[in-house]
K.L.:
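Let me give you the structure first, and then I'll get to my questions.
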Amino acid sequence: MIECVQGDIAHQPDMEAVVNAANAQLRPGGGVAGALHRAAGPELDRACRPLAPICPGEAVITAAFGLPNRHVIHCLGPVYGVDEPADELLADCYLHALALAEREGLRSVAFPALSAGAFGYPLEEAARVALETVSATLPRCPHLERVRFVLFDAETAALFQRLLDEQP
Ligand code: AR6
């Protein structure tokens, strides 16, 4: 049910939803947000405006416009060292994103490593929170069949895969 791949979150055509590592204003930015907004086009920015701002740990859902998916789920991860408790806020992102996916009856959702880029969350800790939260929550999501973690580089993908293999 859970897989870890190296790739670009903006190029996941077989996933019904992709998750955005958003900023509070849900505006285009760098990293994941930049890639998704560029690929989706300006309609995504327009759709986001009435939903902003969001707080750390929150998630909102929009259409995906020019992306090859049905939906984008926008999560605001914690800024490491600023938004506390960071582990709970990061877990909340995954919980709320899965709850929205489930509410929409989606069968597949792809996540990036939320907070692990510009927001400075140490990668291995971020990966543990991500994998533990998704593993613990999926049994309560009857519609969801596949969750994919899309990691930008080979080292990060290998780390996620190792931690996934270590899950009980
Ligand atoms: N596909 C998959 N992973 C990616 C991609 C991509 N196209 N681009 C970057 N990553 P970040 P955050 C990886 O910074 O830490 C933005 O400017 C990246 O290497 O996108 O939650 C927003 O506007 C890292 O491992 O998200 C916010 O202000 C991970 O995805 C802020 O950054 C997350 O990096 C959000 O920061």
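Just follow the structure's listing: the first ligand is 1, and inside any ligand the first atom is 1. The figures here come from the full heavy-atom set of this structure, side chains too, leaving out hydrogens, waters and symmetry mates.
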K.L.:
Give the residue, atom name and distance (to 0.1 Å) of the protein heavy atom nearest atom 31 (C) of ligand 1.
P.N.:
Phe119 CE2, 3.5 Å

K.L.:
What protein heavy atom is closest to atom 33 (C) of ligand 1, reported as residue, atom name and distance in Å?
P.N.:
Ala113 O, 3.2 Å

K.L.:
So is Gly7 in contact with ligand 1, going by heavy-atom distances below 4.0 Å?
P.N.:
yes

K.L.:
Which residue supplies the protein heavy atom nearest to atom 10 (N) of ligand 1, what is that atom called, and how far is it?
P.N.:
Val32 CG2, 3.6 Å

K.L.:
Any idea which protein heavy atom is nearest atom 1 (N) of ligand 1, and the distance to it?
P.N.:
Ile9 N, 2.9 Å

K.L.:
Check step by step if side-chain contact (heavy atoms from CB on, under 4.5 Å) holds for Arg162 and Glu124.
P.N.:
CA-CA 11 Å; Arg162 176 171 64 77; Glu124 183 156 346; 3.7 Å; yes

K.L.:
Among all protein heavy atoms, pick out the one at the shortest distance from atom 14 (O) of ligand 1; state its residue, atom name and that distance to 0.1 Å.
P.N.:
Ala118 N, 2.8 Å

K.L.:
Against heavy atoms of Ala35, which atoms of ligand 1 measure under 4.0 Å?
P.N.:
7 (N)

K.L.:
Verify the ring-centre separation between Phe149 and Phe160: is it less than 6.0 angstrom?
P.N.:
yes

K.L.:
Tell me, which protein residue and heavy-atom name are nearest atom 21 (O) of ligand 1, and how many Å apart are they?
P.N.:
Ser115 N, 2.9 Å

K.L.:
Show your reasoning for whether salt bridge (charged side-chain N to carboxylate O under 4.0 Å, His left out) applies to Glu3 and Arg148.
P.N.:
CA-CA 5 Å; Glu3 59 193 21; Arg148 176 179 294 162; 2.5 Å; yes

K.L.:
Considering the heavy atoms of Ala21, write down every atom of ligand 1 situated less than 4.0 Å from one of them.
P.N.:
21 (O), 22 (C), 26 (O), 35 (C)

K.L.:
Check for me whether Ala116 has a heavy atom closer than 4.0 Å to any atom of ligand 1.
P.N.:
yes

K.L.:
Looking only at protein heavy atoms, which one is nearest to atom 16 (C) of ligand 1, and how far off is it?
P.N.:
Gly30 O, 3.5 Å

K.L.:
Please confirm whether Asp8 approaches ligand 1 to less than 4.0 Å, judged on its heavy atoms.
P.N.:
yes

K.L.:
Would you verify that at least one protein heavy atom lies under 4.0 Å from atom 18 (C) of ligand 1, or report that none does?
P.N.:
no

K.L.:
Are any side-chain N or O atoms of Asp45 and backbone N or O atoms of Arg27, one a donor and one an acceptor, separated by less than 3.5 Å?
P.N.:
no

K.L.:
Can you name the one residue among Leu131, Leu138, Thr137 that meets side-chain contact (heavy atoms from CB on, under 4.5 Å) with Val134?
P.N.:
Leu138

K.L.:
Quick test: of every protein heavy atom, which one is nearest to atom 28 (O) of ligand 1, and how far off is it to 0.1 Å?
P.N.:
Asn23 CB, 3.4 Å

K.L.:
List in chain and number order the residues that pass side-chain contact (heavy atoms from CB on, under 4.5 Å) with Asp87, two or more places apart in sequence or in another chain; answer none if no residue qualifies.
P.N.:
Pro85, Tyr121, Val129

K.L.:
With sequence neighbours left out, write down each residue that passes side-chain contact (heavy atoms from CB on, under 4.5 Å) with His96, or none if nothing qualifies.
P.N.:
Ala59, Asp92

K.L.:
Do Thr62 and His71 have side-chain atoms, one donor and one acceptor, less than 3.5 Å apart?
P.N.:
no

K.L.:
Is there a chain of hydrophobic side chains (I, L, V, M, F, W, Y, each step under 4.5 Å between heavy atoms) that links Phe111 to Ile61?
P.N.:
yes

